[in-house]
Trainee: 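Structure incoming, see below.
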Number of protein chains: 2
Amino acid sequence: MTTQCRYCPLQRKDAFIPMSKEELSFMEKFKSGELTVEPGTPILLEGSNAPQLYTALTGMGIRDKTLENGNRQVISFVFPGDFIGLQAGIMGEMGHSVEARTHMRLCVFNRSEFWNFFKSHPERAFDITWLAAIEEHFMGEVLATIGQRTAIQAIAWAMVKIFERGQSLGMVTHNQMPLPYSQRDLADALGLSVVHTNKTLGALKERQLLSWSDRVLQINNLAALAKVGMTSLEGRQKRPLL
Amino acid sequence: MTTQCRYCPLQRKDAFIPMSKEELSFMEKFKSGELTVEPGTPILLEGSNAPQLYTALTGMGIRDKTLENGNRQVISFVFPGDFIGLQAGIMGEMGHSVEARTHMRLCVFNRSEFWNFFKSHPERAFDITWLAAIEEHFMGEVLATIGQRTAIQAIAWAMVKIFERGQSLGMVTHNQMPLPYSQRDLADALGLSVVHTNKTLGALKERQLLSWSDRVLQINNLAALAKVGMTSLEGRQKRPLL
DNA sequence: CGGAGGTTTGACTGCGCTCAACTGAGGTGG
DNA sequence: CCACCTCAGTTGAGCGCAGTCAAACCTCCG
């Protein structure tokens with residue numbers, strides 16, 4: 001007995017566009033169950049052709065891919081509301097792996113009904129494409145970060161992005177939010193070494209802009225951090241939810 | 001009088017999944033005209049909410065975005081068959097600019113009919129999402145390249161990707177294909193300086209792997225180049241065409 | 001002929017990487 | 001209950017890949 005979508009914890013967050021009653025009941029049919037995983041558990045594997053798609057309900061994870069020399073690139077951090085497995089669902093092959101970093105609860109969809117989804121509910125199909133476009137937009141910014149920003153700019157930028165995402169999801173209290181990743185995760189996300197990432201985080205802490213320890217991120221001066229990261233704060237924009 | 005889709009030069013390329021007669025006639029209704037632009041012409045602007053979407057029919061271009069410090073990140077190179085403007089079409093804001101690098105012929109679609117598109121032709125909606133997924137997949141690889149590969153690996157990787165794309169589009173003869181970009185374009189795509197890009201290209205030429213001058217790329221040893229770039233050659237995969 | 005943009009080369013510099021050692025918090029087993 | 005291991009974070013020393021600066025060269029074009 002899985003939770004009904006109408007009681008989905010994400011429905012209430014103002015980060016997402018609310019669904020109509022009709023949509024909710026359709027999603028309940030599409031939904032095939034729930035899955036909970038523990039930290040470190042792989043959810044999808046790079047190169048795999050997974051039969052299932054997910055929406056992260058609670059918890060956080062990571063998308064990454066590994067090169068033949070063992071180097072790892074973190075593609076993005078997974079937050080509640082993120083749709084997981086689009087590439088497998090549509091192209092039949094994941095370009096990256098997804099792994100849990102905390103306890104996670106996932107909403108499970110069957111890939112076999114994916115096409116049916118497009119045929120019978122064009123507005124939901126549109127939302128999937130919307131999510132894909134958001135992802136593409138974001139990855140463009142990441143590219144510019146890794147390619148053009150210095151280490152301190154990149155880390156400042158990343159922290160601003162993460163914090164804003166946390167804000168929209170209501171994860172921030174007293175300028176603090178949970179950030180259950182390792183410095184290695186962040187380093188691999190930005191193409192930096194762990195050592196340099198550590199020192200750069202130290203410099204930002206020294207400047208009283210942020211502190212991050214014990215899996216808690218605290219932002220002391222978001223505006224100043226955004227300036228260092230050469231980015232502007234964007235108003236909250238709602239996104240669709242699957 | 002614009003060319004009918006059934007005579008579209010791209011329809012014949014084996015890089016693309018052929019459209020049914022029914023799809024072709026629908027696309028002809030969706031198509032609002034054609035546009036030709038000269039090298040250097042901006043097609044879409046970062047941050048803009050463009051009313052039109054395009055498919056590149058002939059010619060090549062570039063997607064890029066500019067930071068506040070003037071640095072430029074090239075997101076990707078635009079080839080014939082590429083769909084341009086998805087972000088504007090669906091989110092209302094482009095995350096990057098698109099600019100022609102050669103004479104280009106573009107197929108123009110009206111954004112106002114985009115939604116109609118999803119509603120009346122789910123298989124075409126699916127194809128749009130498919131294209132978005134391909135783009136996301138590719139950008140993950142680019143991230144790994146910029147973040148993890150050294151300069152020589154990155155350039156080798158990029159040249160392999162470009163060459164394979166050229167092959168699938170029938171642009172390659174005698175191991176040569178047109179590559180109408182500047183070294184600065186390539187440098188900005190890979191997060192390298194022009195100077196270092198130039199020297200690295202020289203090193204690859206020295207190794208007899210490739211040569212690139214006068215806007216023509218020649219690959220002498222694709223397999224060896226792929227090895228340097230830490231990538232494997234992928235069989236030709238068809239993609240949808242809009 | 002002069003200017004602009006792209007390519008090439010050399011000299012120097014520095015940001016960020018590697019190597020290495022140490023700390024501290026858990027977790028596990030003797 | 002402590003010895004031991006592992007994993008994440010921290011810090012210092014030294015180095016190298018790639019950036020910056022600068023100048024020359026080339027082609028195209030007005």
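It should be emphasised that the depicted structure is a prediction, and the values quoted were computed from it without experimental measurement. Numbers restart at 1 for each chain; the letters A, B, ... are given by sequence-line order, proteins then strands.
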Trainee: What's the CG-P distance between A:Asn198 and D:dG12, to the nearest Å?
Mentor: 11 Å
Trainee: Nearest whole angstrom, please: distance from the P of D:dG9 to the CD1 of A:Ile155.
Mentor: 12 Å
Trainee: Name the closest nucleotide to the B:Ser193 side chain, picking from D:dT10, D:dT20, D:dA18.
Mentor: D:dT20
Trainee: Between B:Thr55 and B:Phe83 (side chain of the first, backbone of the second, donor and acceptor by atom type, cut-off under 3.5 Å), is there such a pair?
Mentor: no
Trainee: Using a 4.0 Å heavy-atom cut-off across all strands, classify B:Val194 as base, sugar-phosphate, or nothing.
Mentor: nothing
Trainee: Using only atom types and a distance under 3.5 Å, with no angle test, would you say the side chain of B:Lys13 pairs donor to acceptor with the backbone of B:Ser168?
Mentor: no
Trainee: With a 4.0 Å cut-off on heavy atoms, is B:Thr200 in touch with a base, just the backbone sugar-phosphate, or nothing at all?
Mentor: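 If one applies the 4.0 Å heavy-atom cut-off, B:Thr200 turns out to touch nothing in the nucleic acid.
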Trainee: Find which nucleotide of DNA chain C each of B:Arg184 and B:Lys199 is nearest to by heavy atoms, and output the residue with the more 5' nucleotide.
Mentor: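 Nearest-nucleotide comparison on DNA chain C picks B:Arg184.
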Trainee: Whole Å only: how far is the CD atom of B:Gln153 from the P atom of D:dC17?
Mentor: 12 Å
Trainee: Roughly, in whole Å, what's the span from NE2 in A:His196 to C1' in D:dT11?
Mentor: 14 Å
Trainee: Would you confirm whether A:Glu164, through its side chain, and A:Lys161, through its main-chain N or O, come within 3.5 Å as a donor-acceptor pair?
Mentor: no
Trainee: Could you give the start and end, 5' to 3', of the contact zone on DNA chain C for chain B, using atoms under 4.0 Å from its heavy atoms?
Mentor: C:dT7 to C:dA11
Trainee: Using whole Å, report how far CG of B:Asp214 lies from P of D:dT27.
Mentor: 9 Å
Trainee: Looking at the rings of A:Phe77 and A:Tyr181, which for Trp means the six-membered one, are their centres under 6.0 Å apart?
Mentor: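 Ring-ring flag for A:Phe77/A:Tyr181: true, centres closer than 6.0 Å.
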Trainee: For A:Trp212 and D:dA8, give me the distance from atom CH2 to atom P, rounded to whole Å.
Mentor: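 Value for this atom pair: 12 Å.
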Trainee: Please state whether the rings of B:Phe138 and B:Trp157 are parallel, tilted or perpendicular, taking 30° and 60° as the class boundaries.
Mentor: parallel
Trainee: Could you tell me the separation between the CZ atom of A:Arg215 and the P atom of D:dC7, rounded to a whole number of Å?
Mentor: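 Taking atom P of D:dC7 as the reference, CZ of A:Arg215 is at 15 Å.
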Trainee: Heavy atoms under 4.0 Å, any strand shown: does B:Gly40 hit a base, just sugar-phosphate, or nothing?
Mentor: nothing
Trainee: What is the distance, rounded to the nearest whole Å, between atom CD of B:Gln148 and atom P of D:dA18?
Mentor: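 These atoms are roughly 13 Å apart.
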Trainee: Please answer whether the main-chain N or O of B:Leu201 pairs with a side-chain N or O of B:Trp212 as donor and acceptor at a distance below 3.5 Å.
Mentor: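 No, because the side chain of B:Trp212 does not come within donor-acceptor range (under 3.5 Å) of the backbone of B:Leu201.
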Trainee: Quick one: does any side-chain atom of A:Lys65 pair with a main-chain N or O of A:Ser97 as donor and acceptor, under 3.5 Å?
Mentor: no
